[in-house]
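Quick caveat: nothing in here was measured; it's all calculated off a predicted structure.
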Amino acid sequence: MQKILDNDIFRYHNMLFYEEGFFLHLSYGTDEFLEHHVQIHHMGSRLHYLRLAVDLRGNIDPYDFHVIFESFDKLCKITDPKYIQLTPIKTYETNLPFVAKLVTTSVNTLWTSCFKTTTLQEMDIAEELTPIREYIDQDVYDMEISKAGDVLFTITDDTNLYRLRKTGHINSLHDFGPLIPKAILVTDDSIIVTTREKGDAWPLTEQSRRQIVVLGQTGEQKIKVIEYDRQNKRLMCLIMRIAMDKTKNIVGIDLLSANTGRVVKFDNMSIKWIYDGDINTKACPFYPTDLTITQLGNIIVADNTTDTLHILSEEGVLIKCCKIKTTPIYPSNITITQLEKYIIRSIDIISPFSLDIDSNGYLWVGCNTCKFRAENAKIYKLEITGC
């Protein structure tokens with residue numbers, strides 16, 4: 001039994017288990033693991049079914065693991081991947097080569113920004129996207145809609161968090177100088193902004209400053225700064241996008257280099273979990289560009305490099321990786337029974353880059369056509385079911 005547990009259960013420890021203040025590591029003995037979770041005499045029959053579920057290559061679907069061990073108090077609740085569907089509702093064409101960021105509003109409009117053209121624009125959502133207002137020479141890095149309906153945005157290499165009022169007036173809401181604000185998140189009672197120092201983003205040095213800053217609701221008063229854990233270890237590299245999940249914790253895209261990244265969930269001054277792309281390889285690294293939270297609390301992440309959407313559980317477990325371009329890819333060691341977890345009906349979305357879920361639960365995907373030297377990047381409206 002010792003060998004069975006060590007070889008089969010521990011293979012999935014980082015992916016499947018989390019308890020407050022307790023991560024399961026290989027250094028923990030099997031007996032300690034069992035004592036912490038469940039009494040040994042309840043495990044016999046479950047171990048038998050676990051061995052049947054593990055295929056010859058040593059793989060097991062997380063959903064099967066969940067079903068077998070559902071009696072564990074803190075085991076992740078994993079959505080069944082076969083019920084997840086993304087259905088195209090509408091395709092819109094823009095006048096931009098690249099939809100770097102998109103945000104939907106409560107008044108049936110959406111805001112888009114583009115690094116290449118340094119354009120910020122609001123468009124009416126109808127049969128086509130109709131421009132309402134446009135601001136040029138605004139190299140927007142990230143943006144969000146405030147509780148008052150204003151647009152809050154950051155600009156590349158600028159120290160200010162800006163506010164665009166409904167009247168069209170733009171003013172600085174908060175100056176983070178000498179640091180540069182990057183990602184923005186608006187909550188019910190705060191504005192959360194990530195920051196970094198000026199200069200090259202990588203590699204990090206002792207002088208690097210990578211922070212999550214919590215501001216008051218007006219954006220003027222600084223309430224909290226998160227940078228290091230309790231052991232004075234740096235928590236993040238470069239957070240380019242952030243969201244808040246159903247447990248009121250921050251989930252962010254952390255860029256490790258110019259072409260690799262990870263998804264990190266924070267709990268105050270600690271990291272709850274890290275997801276670095278289950279299907280990605282060294283030849284095709286995980287490069288997340290945006291994320292959004294579904295109405296059920298799952299996390300959708302855009303991977304621009306592989307034309308995929310990674311759907312994660314609240315605990316950071318990959319539920320389904322949706323290949324949305326025509327040609328499917330999946331890990332070489334995947335089994336036939338696991339195939340449905342990775343493949344979804346192709347809907348021919350190329351280079352997904354920006355994501356948002358509107359108030360009705362529809363998923364919006366903005367695309368990048370720059371690498372194809374094309375104009376008129378597309379925005380897709382999708383219906384999500386099962387997650």
Side-chain angles (χ1 to χ4, degrees), residues 12 15-16 53 55 59-70 75-91 104 241 243 245-247 251 253 263 265 273 275-280 286 288-331 333-367 379-387:
Y12 309 101
M15 181 171 62
L16 295 174
D55 64 30
N59 298 312
I60 183 171
D61 191 288
Y63 184 76
D64 293 335
F65 200 106
H66 165 59
V67 171
I68 294 168
F69 288 95
E70 62 185 352
L75 189 61
C76 306
K77 295 179 181 178
I78 302 174
T79 302
D80 192 336
K82 68 174 174 284
Y83 296 121
I84 297 176
Q85 293 294 329
L86 301 181
T87 306
I89 300 297
K90 183 74 177 177
T91 302
T104 58
R241 294 288 184 264
D245 70 5
K246 296 293 185 180
T247 64
V251 182
I253 291 178
V263 180
K265 181 173 178 176
W273 52 256
Y275 174 78
D276 53 12
D278 279 6
I279 71 163
N280 299 77
F286 184 47
T289 53
D290 206 355
L291 78 169
T292 189
I293 311 296
T294 72
Q295 293 181 336
L296 295 181
N298 294 312
I299 305 158
I300 302 180
V301 182
D303 183 352
N304 182 251
T305 304
T306 58
D307 303 307
T308 53
L309 298 179
H310 297 232
I311 302 178
L312 312 179
S313 73
E314 218 168 59
E315 295 83 6
V317 178
L318 176 64
I319 302 171
K320 190 155 192 165
C321 189
C322 306
K323 183 65 180 176
I324 51 180
K325 193 180 173 183
T326 303
T327 306
I329 64 168
Y330 46 88
N333 66 343
I334 194 171
T335 65
I336 296 299
T337 57
Q338 291 173 312
L339 192 60
E340 68 172 8
K341 177 185 171 186
Y342 289 92
I343 304 302
I344 199 165
R345 181 170 61 87
S346 175
I347 48 182
D348 255 351
I349 296 179
I350 301 175
S351 295
F353 197 92
S354 50
L355 303 174
D356 192 33
I357 290 181
D358 65 23
S359 57
N360 295 314
Y362 290 106
L363 174 66
W364 294 76
V365 182
C367 297
I379 295 175
Y380 297 86
K381 180 183 179 181
L382 306 174
E383 181 182 17
I384 319 168
T385 56
C387 73

Which value, rounded to the nearest 0.5 Å, describes the distance between [X] atom [atom1] and [Y] atom [atom2]?
{"X": "Asp303", "Y": "Asp290", "atom1": "CG", "atom2": "CG", "value": "12.5 Å"}
{"X": "Lys381", "Y": "Ile89", "atom1": "NZ", "atom2": "CD1", "value": "7.0 Å"}
{"X": "Leu382", "Y": "Ile349", "atom1": "CG", "atom2": "CD1", "value": "4.5 Å"}
{"X": "Thr385", "Y": "Leu296", "atom1": "OG1", "atom2": "CG", "value": "10.5 Å"}
{"X": "Phe353", "Y": "Asn304", "atom1": "CZ", "atom2": "CG", "value": "6.0 Å"}
{"X": "Lys265", "Y": "Ile299", "atom1": "NZ", "atom2": "CD1", "value": "6.5 Å"}

Is the backbone N or O of Ser354 less than 3.5 Å from a side-chain atom of Trp364, with the two atoms forming a donor-acceptor pair by type? no
Under 3.5 Å donor-acceptor, Asp307 side chain and Ile350 backbone: no
Will you find, in the side chains of Thr87 and Gln85, an N or O donor that is under 3.5 Å from an N or O acceptor? no
Side chains of [X] and [Y]: does their closest heavy-atom pair fall under 4.5 Å?
{"X": "Tyr362", "Y": "Glu383", "value": "yes"}
{"X": "Thr294", "Y": "Ile357", "value": "yes"}
{"X": "Phe286", "Y": "Thr308", "value": "no"}
{"X": "Pro352", "Y": "Tyr380", "value": "no"}

[X] to [Y] - nearest heavy-atom pair and separation:
{"X": "Ile379", "Y": "Gly366", "answer": "CG1-CA, 4.3 Å"}
{"X": "Ala243", "Y": "Ile293", "answer": "CB-CG1, 4.0 Å"}
{"X": "Ala302", "Y": "Leu355", "answer": "N-CD1, 3.6 Å"}
{"X": "Glu314", "Y": "Thr247", "answer": "OE1-CG2, 3.4 Å"}

From Ile319, Val301, Val263, residue fulfilling side chain to side chain contact (heavy atoms under 4.5 Å, CB included) relative to His310: Val301
Here's a test for you: under side chain to side chain contact (heavy atoms under 4.5 Å, CB included), which of Leu312, Ile300, Ile253, Leu309 qualifies with Leu291? Ile253
